[in-house]
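Have a look at the structure below before the remarks.
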Amino acid sequence: MTPRFVIDCGSRSIKLHAASPAGVSLRGTRSWDPIGNRNSVHEIGILLDGLVATMPAEAPVLVVGTAAARRSRRLARAIGTACATRGWVYRTLSQRLEARLIRDAFPDCGNCDIVNAGGGSIQIVGGGMSLLGFGITDLNLRFALSDVPSRRDCAAATAFVSRHLPELQGPFIYSGGELSYLRAAGATVGPDGRCAAAEFLRVAARVDAMDDAELRTVSPFDPGWSRGAVASNAIVRACLARSGSAFYIASDVNIGDGIIRRLASNAADSAWRR
């Protein structure tokens, strides 16, 4: 099978995924902040070229945009133009389709809730589907979570998230780099990604007190990724409180895995418009 490549232009990072007979792999990431920094629209071409520098020439590529592209037609047009000049297919995903894709990425989780938090939206799927219209970048801006530690209002951010959460039934999966982050932060995590609530709270309290330079040391990807760590902690903290669970499952799986599963199953093109 010829490898298939999917680029997810999210609201906190751009990720390159590859599918081959060996499975799905994350080939690279680039952090950006198109919601918090409108000038990010000018970076898209440079970021894409750097991300695919080692990719085979003429390889088929599907590129998707999520919350940042949904909010800004200017950004969506810029991504679309950059993709067209490179011969790639681009689509802006609806939040509902984004939620379906994260559900597709976990085919064996039963009705376990999956929490997928991006820069500008949060999708919670399992037995049902909940779509929240804010994300990590919004929490950073509203509660100064990427500012110096003394200015961060982590308690207020956690309470805000908690007010918007649906009911969560027991242990949940938190996707999108969480497993690599916990390991980089020194958390004790089981082989299946299981992290005890008490262990998470211990590590989160330490990370929430770190300055920017210290946060970079716990980034599992590029340094810019860590600017969302404190906000992500607030989301997990709220989910743990709402679920009442003694643990959760940290995962690196994200919508790119769900997209590749759909491609592999030869899903009809019309499915991408839902």
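All values derive from a computational prediction rather than experimental measurement.
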Output for pair (Glu178 CD, Ser251 OG), nearest 0.5 Å, gives 9.5 Å
Pair Asp252 + Arg183, salt bridge at N-O below 4.0 Å: no
With sequence neighbours left out, the residues meeting ring-ring contact (aromatic ring centres under 6.0 Å, His included) with Phe247 are none
side-chain contact (heavy atoms from CB on, under 4.5 Å) with Ile102: of Ile255, Ile124, Val115, only one passes, and it is Ile255
Are Leu215 and Val236 connected into the same hydrophobic cluster when the rule is that any two of I, L, V, M, F, W, Y join if their side-chain heavy atoms are below 4.5 Å apart? yes
Quiz item: Do Arg71 and Ser11 have a side chain donor and acceptor closer than 3.5 Å?
Solution: no
* Asked: Do any N or O atoms from the side chain of Asn37 and from the backbone of Pro34 form a donor-acceptor pair under 3.5 angstrom?
  -> no
d(Met129 CE, Arg103 CZ) to nearest 0.5 Å is 10.0 Å
Residue pair Leu145, Cys154: steps toward the side-chain contact (heavy atoms from CB on, under 4.5 Å) verdict
CA-CA 7 Å; Leu145 300 184; Cys154 298; 4.2 Å; yes
- Item | Leu132 with Ile114, same ILVMFWY side-chain cluster at under 4.5 Å | no
Using a strict threshold of under 4.0 Å (side-chain N to carboxylate O), is an ion pair present between Asp212 and Arg227?
yes
In this structure, CG of Leu16 is separated from OG1 of Thr54 (nearest 0.5 Å) by 7.5 Å
- Query: Under 4.5 Å between side-chain heavy atoms, hopping through other hydrophobics if needed: is there a path connecting Ile122 to Ile35?
  - Reply: no
**Asked** Below 4.5 Å, heavy atoms only, C-beta onward: do Ile136 and Ile235 meet side chain to side chain?
**Response** yes
CD1 (Ile249) and OH (Tyr174) are apart, to the nearest 0.5 Å, by 15.0 Å
Distance col, row Arg194:CZ vs Thr188:OG1, nearest 0.5 angstrom, shows 14.0 Å
Checklist line | Leu139 with Leu141, same ILVMFWY side-chain cluster at under 4.5 Å | finding: no
* With a 4.5 Å heavy-atom cut-off, do His17 and Asn254 have their side chains touching? -> yes
Worksheet item: Quick check: does any side chain N or O of Asp113 sit under 3.5 Å from a backbone N or O of Phe172, one acting as donor and the other as acceptor?
Response: no
Other residues, nucleotides and ligands only: do more than 12 of their heavy atoms fall within 6.0 Å of CD1 on Ile46?
no
Sequence neighbours excluded, the answer for ring-ring contact (aromatic ring centres under 6.0 Å, His included) partners of Phe200 is Tyr248
Practice task
Test Val161 against Leu165 for side-chain contact (heavy atoms from CB on, under 4.5 Å), laying out the working first.
Solution key: CA-CA 6 Å; Val161 175; Leu165 288 176; 4.1 Å; yes
Hits for ring-ring contact (aromatic ring centres under 6.0 Å, His included) against Phe221, two or more places apart or cross-chain, chain-then-number order -> Trp225
I'd like to know whether Asn116 forms a side-chain hydrogen bond (donor to acceptor under 3.5 Å, both in side chains) with Ser175, so could you lay out the CA-CA distance, the side-chain angles of the two residues, the decisive distance to 0.1 Å, and finally the verdict. CA-CA 5 Å; Asn116 180 53; Ser175 66; 3.1 Å; yes
Point to revise | Arg206, CZ: over 12 other non-hydrogen atoms inside 6.0 angstrom | key: yes
Would you say that Tyr181 contacts Ser232 through its side chain, given a criterion of any heavy-atom pair below 4.5 Å between the two side chains? no
*Taking a hydrophobic cluster as the set of Ile, Leu, Val, Met, Phe, Trp and Tyr residues connected by side-chain heavy atoms closer than 4.5 Å, whether directly or through intermediates, do Ile14 and Tyr90 fall within one such cluster?*
yes
The reported gap from CG in Asn233 to CZ in Arg152 (rounded to nearest 0.5 angstrom) is 10.0 Å
Practice task
Verify side-chain contact (heavy atoms from CB on, under 4.5 Å) between Lys15 and Leu26, making sure each step is shown before the conclusion.
Solution key: CA-CA 7 Å; Lys15 296 179 282 290; Leu26 179 64; 3.8 Å; yes
